[in-house]
Each structure stands twice: as C-alpha cells, then as structure tokens.
Amino acid sequence: MKKTEEKLTRLEKLEKLREQGEAVFSNSFVRNRLAKDIRDDYSHLEPGERVEEEFLLAGRVMGIRDHGKIAFADFRDGSGKIQLYLTHQNLGEKYQRFLDYVDTGDIIGIKGGVLKTRRGELSLEVKDFRVLAKSLLPWPEKWHGLRDVEARYRQRYLDLVVNPSARQIFDLRTKVIKLIREFLDERDFQEVETPILQPVPGGALAKPFSTYHRALGIELYLRIAPELYLKRLIIGGLEKVYELNRSFRNEGISIKHNPEFTMLEVYQAYADYRDMMELVKEMLQYVLKKTKASLKISYQGQEIDFSQFSKITYLEALKKYAGIEVNFNMKWSELKDLAESEGIDVKNYWGKGKIIAEMFEKLVEPKLIQPTFILDYPKEISPLARTHPENPELTERFELIVAGRELANAFSELNDPLEQKERFEEQAKLKQEGEEEIQLYDQDFLRALEYGMPPTGGLGLGIDRLIMLLSDVYSIREVLLFPQLRPEE
RNA sequence: GGGCCGCUAACUCAAUUGGCAGAGUACCGGACUUUUAAUCCGGGAGUUGAAGGUUCGAUUCCUUCGCGGCCCA
C-alpha cells in the first residue's frame, strides 16, 4: 500500500503519542455514557449552564475547530453525535497534545462534564482524554462525504460513518427484519434453520453455485431456496415454520440481482395460497405502519399505496395490461408467433406455459406499480405448486408485484407425491432438451412426500426488494452492506 | 455478452480548439478564549486508472486492457 503524505504524518503523531506514554491501542478504557444519554439527560440546560459531574464516553473524532486557547471537536459514538469543548485551562499541557496529535477519524476516550455553550450547543467539557485507536488514513471530505459509488461499496465502513443516508438504510433494514420476526412469532410461526449446503439444490428455477465436500467426497450446492427442506419440516409435524434465509444464485449481477440475497420463506399446514395472500398483506401493512407510520410510500417519484392490494388472474392481466388474449387451447405455433412478434426469442423446447410466462414478464410486470396479486401461474413454470382445480394447465400460485417487480411468490403446495414425481420427470425432460433452469429431480424429497404432507400454503418474500421499496432506492446494492464486486486487483 | 458514460491530489470536482495540471475541503506552519462547512495569513501535496499509438507537444485524439455506473440481451 502506498503511503500518502498524510499517512506518514499520522504515523509520526502515533510515535509521538507513544513517546509521551499514551498506550494508543489499549482496550482498558471503560465508558459509562453514550452521546445520546447526554443529549437525553441534559438538552434542557440553558446556554452557559454546566454540569460538573463527570462522564466517560468513547467514540470517533469527526472534526476539530481550533480557536487558540480553546477548541471544539465533533465527536460521534454508535448512538449519535455530540460536540467536545476543549480548553487549555481545563486540560493544561494535554490541550496542546490534543491539537498536535489527535486527528479526524481517531477513536478517543474522554472524561468530562456537560456544558451548553453560549451558542446553545450541548457539549462535553473535556477534562481528560486518551487516544484509543489512531486513524492512520485521511478521511473523506466533511461536506460532500464519500460520493464515489465504487468506494462506497468497497469501503462500506467509510460510507456508514460519513454518509448518514447509508446508515439510515441499514438501520431500517434491521428494524424491518425484526418486525417480520415479531409478526410471525406472534402468530406462532417457528423460526428454523435449514441447510445452505444441499446435495440437490431445489425450490426455485435457478443456477446454483457448487462446491466440494472433501470428507464426504461429494459435490454440494449452495441453496437457491430453502423450500424443500421447510416442506420436510411440515411433513415432520412442524405446522407453521419460517426461515429468514440467505440464498444464492449463480447468475448475472445487476441493479436487481446480487448472487446472494435474503428471502423470507413461510409454510403453514392446512392453509392455501389464499391464506398466504392474507398473511403477506397483513405482514407488509404491519411493517409499513411500524416503520413509516403510513400505508403509502413514495418510490422513485411514484406513490405506492399498500392499503389496497388488487387481484387479477395471470391470463386476465395479460389481456388487460398487454392486450394479449391467450389460452391453452391455442396451438403452440400460434403462441410462438405471438411471442416472437413481441420480440421474444422462443426456444423450441419451451412449452405453452413458458411462452406465456415470458410474455407476462416482459409486457405485464413492468406495468404493475401498485401492489397487485397475480393469480394462477402456468404449471410448466411452477413445478412445486398444486394444480389449479379449474384448469390443469395452471396452478394455485400467486406473485405479488409492486413497482414493476416481484416482491412475493406463494403457492398452495403440491402434496401429491405421484404428481410431484411426474412434475420432476417433466422437468428432467426439459433439461435434456436444453433448458438450464429447472427443478432437479429430488428423490429424497419425494420419499418425504410419500409419508404424507398435509395440504400446505407456502410463501416467499424478497427482503432486499422490500428494503429497496421502503428506503426508496433503485439499486439492490444500496440495501446490501457488502454487495458483490469484482476484486480490485 | 453488447452499447453508452465515468476513472485527474486523501475527498468533492475543474482544466477553452491538443499548449505550463487547478480550486474547495483535508493536511502542514502561524494568529485567535464560545465555534459548529469557524475565520484570517502562509505552505506542501499529482505515474491525470494501466499499457501502447498519433503529435513539436496528450488529462484532452486513437487502440487494447482494468474497475465502476447505466441501458440492453
């Protein structure tokens, strides 16, 4: 690493501090207050008023204003900011030591009283300080912060310190996840953890990452979804389960996709997709009320209203939003021509369901801004969902679309092992014909189904996408602490 | 994978038609006993993402590559 001029200066300051007996990287300082505690307890002080009681705080110096015999510094800990008031009178020779050897970015411990300055700024009147960690690198500019997107992602720690909006997004993320747990726990759902390393990756149509287990001598895959394990738990008699899971898909990186992402999956025995519809609606409204105090949010300049969720079937939506009328009685070649006229490259191994699905994704999804449940997806692209009682080409499955993107996906789960076996076989056939993203044949899951799975409703919800909506950001990278990037060198 | 855009001091950004690489912040030195983007005076700081090409001369034009952003597949 290249040593900049400023780094050399800071290293010299570190040496000087050590020569003067400061144990700079010591961990022996114990604090007894946070900045927020001081604010909560003493904001009522009048300008010029002091509290002589001394408190111990620790945090980072964010800026220093030197006025000669007195100086001010901005100080921040995990709870917030507060100003430091330093005088030669209070600190004696240590006053000059602070000005000479403490820099923006340094972690310090201070002992001091509370003072509201004449200008009305609540401050800590520093009586003593220690340098707990010397920051050796120069910090981003105080006014503009760190703007460079690449630097913000690669050095998220800087982004979090310097850009308050970044910190807000991740605080919100934590809160939302907590609220989702709260919502499900109150309804007696049981949170579980299932394998990330799976011998047969299933539960979604996606390409997996693979790895090798040396001791077992087998190929394993990072899960693309936890679905098939959660259903095994339903079979095991855990009737209401959920997993807030990190899943992995070996596909392109884009503004919407990161190779690892966070999802919620919920399964409830003796429920169906209609129950899941109610559940996800209530859950989202719960989260909205507790985070935004409103069911309306503004996303990328559009108002989105979560007080009403509209419902429309898949085929009706195609007609309404794309002006395309299709059904499964049409000939394959007719559907193909229709899709191709919309610019879709139809593969010859696609079935009717897949052709329709491609048209839907391209022509309908982007138009659905307000929360909309799309019901009854084609069977071909839903190999784990129960067949629709009124149309054997469709399934009891819905997706919730918001702001043109899929936010949630749910089915009445297929619990007939004989039909599930046929579906696996159909998927295997598609793979032979060239489709890469299929549901693999999972023998072990079939055996579990053969013991009998109760009728069950299942739901998946994209957590990252939910956070994007709530924090009004356009790129998934803004809601991931460490989005995947190519290594720098 | 394709297209467009970006990469200049630690950070945020300039640089006219191809003509001596600049500013603000930060940093260093000095002044200042209530500032808060403190102020004032002075100073140092660059492999212009990398390599190559064109040219008397390249941050600027061309080629290739790297990283990132956006769009498309």
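Numbers restart at 1 for each chain; the letters A, B, ... are given by sequence-line order, proteins then strands.
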Could you give the distance separating [M] and [N] at their [atom1] atoms, to the nearest angstrom?
N     : M     : atom1 : result
B/A10 : B/C32 : C1'   : 28 Å
B/C13 : B/U17 : P     : 23 Å
B/U8  : B/A15 : C1'   : 10 Å
B/G6  : B/U60 : P     : 13 Å
B/U55 : B/U25 : P     : 43 Å
B/C20 : B/C7  : C1'   : 24 Å
B/U33 : B/G49 : C1'   : 48 Å
B/A9  : B/G3  : P     : 28 Å

Per nearest nucleotide of RNA chain B, the residue lying toward the 5' end, A/His144 or A/Gly343, is A/His144

In whole angstrom, give the distance that lies between atom [atom1] of [X] and atom [atom2] of [N].
X        : N     : atom1 : atom2 : value
A/Asp74  : B/U36 : CG    : C1'   : 6 Å
A/Ile70  : B/A38 : CD1   : C1'   : 10 Å
A/Gln484 : B/G69 : CD    : P     : 12 Å
A/Glu125 : B/U34 : CD    : C1'   : 11 Å
A/Arg486 : B/G49 : CZ    : C1'   : 16 Å
A/Ile253 : B/C70 : CD1   : P     : 12 Å
A/Glu141 : B/A23 : CD    : P     : 15 Å
A/Asp103 : B/U25 : CG    : P     : 18 Å

What residues in [range] put a non-hydrogen atom under 4.0 Å from any atom of RNA chain B?
range                       : value
residues 94-101 of chain A  : none
residues 57-67 of chain A   : A/Arg65, A/Asp66, A/His67
residues 150-161 of chain A : A/Glu150, A/Tyr153, A/Arg154

Just do the side chain to side chain donor-acceptor pair (under 3.5 Å) check on A/Ser165 and A/Asn163 with the steps written out, would you?
CA-CA 5 Å; A/Ser165 60; A/Asn163 298 327; 5.9 Å; no

A/Lys116 side chain vs A/Arg50 backbone, donor-acceptor pair below 3.5 Å
no

If we ignore hydrogens and angles and just use 3.5 Å, is the side chain of A/Arg423 paired with the main-chain N or O of A/Ala385 as donor and acceptor?
yes

Are the charged groups of [X] and [Y] less than 4.0 angstrom apart, N to O?
X        : Y        : value
A/Arg486 : A/Glu488 : no
A/Asp74  : A/Arg76  : no
A/Lys207 : A/Glu436 : yes
A/Asp103 : A/Lys13  : yes
A/Asp159 : A/Arg156 : yes
A/Lys354 : A/Glu380 : no

For A/Tyr377 together with A/Phe398, are the ring centres under 6.0 Å from each other?
no

Find the partner of [N]: check Watson-Crick (N1-N3 plus N6-O4 or O6-N4) and G-U wobble (N1-O2, O6-N3) distances, both under 3.5 Å, and reply none if neither fits.
N     : value
B/C4  : B/G69
B/U48 : none
B/C11 : B/G24
B/U34 : none
B/G19 : B/C56

Of the candidate nucleotides [options], which contains the atom at the shortest distance from the side chain of [X]?
X        : options             : answer
A/Pro138 : B/A38, B/A10, B/C67 : B/A10
A/Lys142 : B/U25, B/U34, B/G44 : B/U25
A/Glu121 : B/C71, B/U36, B/A37 : B/U36

Would you check if there is a donor-acceptor pair between the side chains of A/Arg130 and A/Ser28 at a distance under 3.5 Å?
yes

Determine the contact category for [X]: base if any of its heavy atoms lies under 4.0 Å from a base atom, sugar-phosphate if only primed atoms, P, OP1 or OP2 are that close, otherwise nothing.
X        : value
A/Thr117 : base
A/Lys13  : sugar-phosphate
A/Glu6   : sugar-phosphate

With sequence neighbours excluded, residues passing ring-ring contact (aromatic ring centres under 6.0 Å, His included) with A/Tyr85
A/Phe72

Can you find a side chain N or O atom of [X] that sits less than 4.0 Å from OP1 or OP2 on [N]?
X        : N     : result
A/Arg477 : B/G69 : yes
A/Lys256 : B/C71 : no
A/Lys69  : B/C32 : no
A/Arg147 : B/U12 : no

May I have all residue pairs that pass ring-ring contact (aromatic ring centres under 6.0 Å, His included) and include part of residues 330-352 of chain A, sequence neighbours excluded?
none

Would you give me the side-chain donor-acceptor pairs under 3.5 Å for residues 460-481 of chain A, sequence neighbours excluded?
from	atom 1	to	atom 2	distance (Å)
A/Asp464	OD1	A/Arg173	NH1	2.8
A/Asp464	OD1	A/Arg173	NH2	2.9
A/Asp464	OD2	A/Thr262	N	2.8
A/Arg465	NH1	A/Glu406	O	2.8
A/Ser471	OG	A/Ile467	O	2.5
A/Asp472	OD1	A/Gln300	N	2.6
A/Asp472	OD1	A/Gln300	NE2	3.0
A/Ser475	OG	A/Arg477	N	3.2
A/Glu478	OE1	A/Arg152	NH2	2.7
A/Glu478	OE2	A/Arg152	NH1	3.3
A/Glu478	OE2	A/Tyr153	OH	2.7

I'd like to know whether CD of A/Glu93 has more than 12 heavy-atom contacts from other residues, nucleotides or ligands below 6.0 angstrom.
no

